[in-house]
Chemist: 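Can you keep this structure in mind? I'll have questions shortly.
Since the structure is predicted, the reported quantities are computational estimates derived from the model, not experimental observations. Note that ligands are numbered from 1 as they come in the structure, with each ligand's atoms numbered from 1 the same way. By convention here, the first residue in the shown sequence is residue 1.
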Amino acid sequence: MARIHFPKDFVWGTATASYQIEGAYQEDGRGLSIWDTFSHTPGKVVNNDNGNVACDSYHRYEEDVALLKKLGVKAYRFSIAWPRIFPNGTGEVNEKGLAYYTKVVDALLAAGIEPCVTLYHWDLPQALQDKGGWDNRDTIQAFVKYAEVIFKAFDGKIKQWITFNETWCVSFLSNYIGAHAPGNTDLQLAVNVAHHCMVAHGEAVKIFRELGVQGEIGTTHNLSWLEPYSTSPEDQAAAHRHRAYTNEWFMEPTFKGSYPQFMVDWFKSKGAEVPVLPGDMETISQKIDFIGVNYYSGGFGRYKKDEGLFDCEQVQLGFDKTYMDWNVYPDGLYKVLSWVHEEYGDTPIYITENGACYEDTLTAENKVHDVLRTAYYRKHFIQCERLIESGVPLKGYFAWSLLDNFEWAEGYLKRFGIVYTNYETLERHPKDSYYFIQDVIRNNGFEA
Ligand SMILES: CCOCCOc1ccc(-c2cn(C[C@@H]3NC[C@@H](O)[C@H]3O)nn2)cc1
């Protein structure tokens with residue numbers, strides 16, 4: 001048995017997001033978000049589920065903090081709902097919104113847990129969407145104003161700041177594929193949204209620096225690892241296009257201030273061009289203190305003419321699958337973070353999401369023996385140690401998610417939590433994976 005061990009300052013945490021756990025969707029002045037609109041539209045979300053109540057963390061956050069304290073995490077990643085701060089996206093600040101997050105932050109600090117806050121985790125105020133949303137460059141300034149209010153309100157309390165979560169999901173998943181809010185299916189629109197979100201990220205970093213806010217700021221991209229099925233040039237090129245769609249398209253602007261030219265050319269061949277204005281790329285590539293990477297899965301792709309946007313089909317090679325039908329591919333975590341380090345240098349990396357969705361059964365004793373999820377974590381923790389041993393500056397890991405919660409278009413059917421949420425009673429029940437992670441944190445390692 002090999003002992004897997006981590007540096008003593010390795011940051012263990014868990015992650016959630018406002019729309020997915022809070023509920024209280026009309027409480028204390030909260031305005032509507034695009035996810036309220038989307039989930040209230042019949043047929044958009046499995047079982048027509050919505051976030052009206054979710055895990056009711058708006059009222060039960062103290063229970064959540066107690067679970068975090070018992071788990072032994074050093075940090076908790078959560079997001080602030082823009083519509084609670086600016087119900088109409090801009091204008092008057094809703095003081096009750098700030099008051100809620102002050103209670104959450106103070107409860108975390110009292111428990112000895114560092115808050116790690118995501119400013120934008122998809123719940124755009126609907127009032128801004130009504131004016132074009134992220135397709136409208138005015139939304140950039142609205143985001144900067146929102147960020148400035150939060151920076152000033154929590155400076156000194158929050159020390160780790162994430163501007164955006166998964167800009168690929170915000171842009172392509174939500175505006176080209178159309179599976180997420182607002183549900184558009186237009187490639188040019190998606191390219192515009194991706195660009196404007198990255199400019200907004202850069203503008204927020206600039207004001208963070210200008211204000212002299214304490215702590216560190218970064219952003220989170222969801223990176224996948226699609227490898228070529230063969231060494232043929234066609235397969236290599238097809239897999240690279242699809243990989244670059246989630247990876248380079250976002251990482252190159254963030255770190256190098258330019259889009260990958262082969263992808264610019266590919267999108268142009270599909271009728272979409274990036275709406276770059278003078279200064280945008282310098283803004284996007286503001287120096288950041290860390291990069292957050294969300295990793296769930298990877299696989300193999302090969303050339304197939306006219307298959308999808310990139311003439312690339314995914315090849316099924318018999319990997320175990322999660323309930324999201326994603327490959328369990330721990331090697332992909334090692335490969336993608338090794339690539340990040342090779343390509344983008346020594347900027348500290350945090351895994352800001354990793355976890356697995358499986359069907360869970362609550363026993364009569366309120367236990368959940370989630371063997372597969374525990375095995376998923378064990379396998380990915382081994383890759384984390386392997387990365388650190390190889391010199392990759394991996395500084396921390398946030399499990400997605402603390403709680404079963406509203407999994408976007410999959411609603412409550414898909415459970416990612418290490419704590420089971422009983423949606424009838426809103427009771428929380430730690431799963432076996434919670435106790436596994438608790439033990440790993442306590443011992444800062446485990447026997448593989
Ligand atoms: C080809 C058609 O495809 C349609 C669906 O395509 C996707 C892709 C990716 C996802 C996805 C979901 N998650 C987990 C979340 N990360 C942020 C946090 O809020 C978690 O809930 N990551 N990626 C969903 C659906």
Chemist: State which residue, out of Y19, Y25, F416, Y423, fulfils the ring pair (Phe, Tyr, Trp, His ring centres under 6.0 Å) condition with F406.
Modeler: Y19
Chemist: Who pairs with E343 by salt bridge (charged side-chain N to carboxylate O under 4.0 Å, His left out), at least two apart in sequence or on another chain?
Modeler: K256
Chemist: Within 45 degrees of the axis of the six-membered ring of Y229 and under 6.0 Å from its centre: does R302 put its NZ or CZ there?
Modeler: yes
Chemist: What does the N/O contact table under 3.5 Å look like for ligand 1?
Modeler:
unit_1	atom_1	unit_2	atom_2	d
ligand 1	16 (N)	E166	OE1	3.1
ligand 1	16 (N)	E166	OE2	3.0
ligand 1	16 (N)	E353	OE1	2.8
ligand 1	19 (O)	Q20	OE1	2.6
ligand 1	19 (O)	H121	NE2	2.9
ligand 1	19 (O)	W408	NE1	2.8
ligand 1	21 (O)	Q20	NE2	3.0
ligand 1	21 (O)	E407	OE1	2.7
ligand 1	21 (O)	E407	OE2	3.3
ligand 1	21 (O)	W408	NE1	3.1

Chemist: Between D432 and K367, does at least one N-O distance fall below 4.0 Å, as a salt bridge requires?
Modeler: no
Chemist: Excluding sequence neighbours, so at least two apart, what forms side chain to side chain donor-acceptor pair (under 3.5 Å) with Q160?
Modeler: none
Chemist: Which residue pairs pass the salt bridge (Lys or Arg N to Asp or Glu O under 4.0 Å) test with at least one member in residues 330-341, sequence neighbours excluded?
Modeler: E227-K335, D331-R386
